[in-house]
Amino acid sequence: MKLSPKEGKEGSEVEDNKMKRIILFGAPGSGKGTQADALEQQYGWEKISTGDLVRAEVAAQTPIGREIKPLIEMGQLAPDETVLKILKNRLAQGDLVNGYILDGFPRNLAQAEELTRLAVDSETAIFLKIVNDDVVVGRLTSRLTCSQCGAIYNSVGNPPLKTGQCDLCGGPVRQRADDNEETVRRRINVYREQTQPVIDYYKRLGKLHEVDASGTVEEVSAAIAGAIN
Ligand code: AP5
Ligand code: MG
């Protein structure tokens with residue numbers, strides 16, 4: 001369930017209404033989607049997940065979706081220009097009132113540089129740090145996702161109330177095609193090779209906040225709130 005931006009801002013410590021961009025990046029399974037949902041609820045900023053956007057293209061069997069489906073299922077990145085085009089289309093929808101949260105973009109230096117060209121009033125890059133691959137593999141091989149609204153569950157820690165059915169929209173809750181152990185380990189390697197350099201990029205810009213993502217969901221949320229405020 002989404003709050004309106006006004007409702008979401010109530011009670012939060014972030015007061016001005018200039019366009020903000022929060023970037024959440026980190027390894028697969030570091031909790032980007034979970035924390036973006038929490039921020040959306042808390043502040044009313046819109047969550048934009050490039051993973052959700054590319055999966056929607058795949059589900060709709062668009063020409064782009066057909067092109068990128070094998071890449072996603074292999075755990076490789078989709079081409080930069082394709083993801084950037086999808087992201088720009090999303091940003092152009094005109095519903096972003098005072099801020100948005102990017103979940104899963106940028107994934108490499110080229111994407112980070114392109115993003116910087118899309119100016120906003122303020123930008124905070126939050127790196128969700130998690131070092132133990134086995135924790136990530138455990139989280140992702142037990143993750144369940146609503147294929148209709150994208151809600152995130154976990155068969156161990158946070159299952160839907162009714163097996164196979166989303167609590168929020170009633171849609172089907174399933175395992176993602178790329179959440180098997182072999183593909184997860186490949187995604188971790190892709191992250192190390194391509195996404196880790198983004199840490200230094202935001203450090204150089206003075207916008208980087210590093211958050212320990214190995215604690216509970218609530219602990220990570222509290223650390224992110226501290227970084228934002
Ligand atoms: P994407 O969907 O972004 O996948 P990802 O980056 O691999 O990240 P995940 O969604 O797997 O993990 P998450 O960090 O969101 O964790 P979550 O909160 O769900 O991208 C998928 C694919 O799309 C890419 O491989 C690529 O092909 C393509 N793509 C997307 N963006 C792209 C781009 N910019 N450029 C090119 N290609 C792109 O949590 C995971 C599980 O852990 C859940 O079950 C959750 O309940 C649980 N959990 C979360 N936090 C905690 C916690 N603190 N403690 C315990 N459990 C937790
Ligand atoms: Mg995600």
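Numbering of ligands and ligand atoms starts at 1, following listing order. Only heavy atoms go into these numbers, but all of them, side chains included; no hydrogens, no water, no symmetry mates. Quick caveat: nothing in here was measured; it's all calculated off a predicted structure.
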Practice item. Would you check if there is a donor-acceptor pair between the side chains of Arg176 and Thr145 at a distance under 3.5 Å? Key: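 Checked: Thr145/Arg176 side chains show no N/O donor-acceptor pair below 3.5 Å.
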
Check your understanding: At a 4.0 Å cut-off, with the gap strictly under it, does some heavy atom of Asn158 reach an atom of ligand 1?
Key ->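 Per 4.0 Å heavy-atom rule, Asn158 does not contact ligand 1.
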
Sub-4.5 Å side-chain heavy-atom contact between [X] and [Y]:
X      : Y      : result
Glu114 : Thr116 : no
Ser142 : Tyr153 : no
Ile22  : Ile228 : yes
Leu91  : Leu118 : yes
Glu46  : Asp95  : yes
Tyr43  : Lys20  : no

Distance filter under 4.0 Å to [X] heavy atoms, resulting ligand 1 atoms:
X      : value
Ile72  : 27 (O)
Val217 : 50 (N), 51 (C), 52 (C), 53 (N)
Gly215 : 52 (C), 53 (N), 54 (N)
Gly33  : 13 (P), 15 (O), 18 (O)
Val54  : 23 (O), 28 (C)
Arg187 : 4 (O), 5 (P), 7 (O), 9 (P), 11 (O)
Gln111 : 33 (C), 34 (N), 35 (N), 36 (C)

Among all protein non-hydrogen atoms, which one is nearest to [atom], and what is the separation to 0.1 Å?
atom                    : result
atom 39 (O) of ligand 1 : Thr34 OG1, 3.7 Å
atom 48 (N) of ligand 1 : Arg139 CD, 4.0 Å
atom 40 (C) of ligand 1 : Leu140 CD2, 3.7 Å

Which part of [X] is near ligand 1, with near meaning a heavy atom under 4.0 Å away: side chain, backbone, both or neither?
X      : answer
Lys32  : both
Glu219 : neither
Ile152 : side chain
Gln35  : neither
Tyr153 : backbone

Is the closest N or O pair between [X] and ligand 1 shorter than 3.5 Å?
X      : value
Arg107 : yes
Asp52  : no
Gly75  : no

Point to revise | Pair Arg143 + Asp179: basic N to acidic O under 4.0 Å | key: yes

Study note, to complete from the structure: Given the options Tyr201, Phe127, Phe105, Phe25 meets ring pair (Phe, Tyr, Trp, His ring centres under 6.0 Å) only with Phe127

Check your understanding: Among all residues two or more places apart in sequence or in another chain, which pass the side-chain contact (heavy atoms from CB on, under 4.5 Å) test with Ala177?
Key ->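 Applying side-chain contact (heavy atoms from CB on, under 4.5 Å) to Ala177 gives Glu73.
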
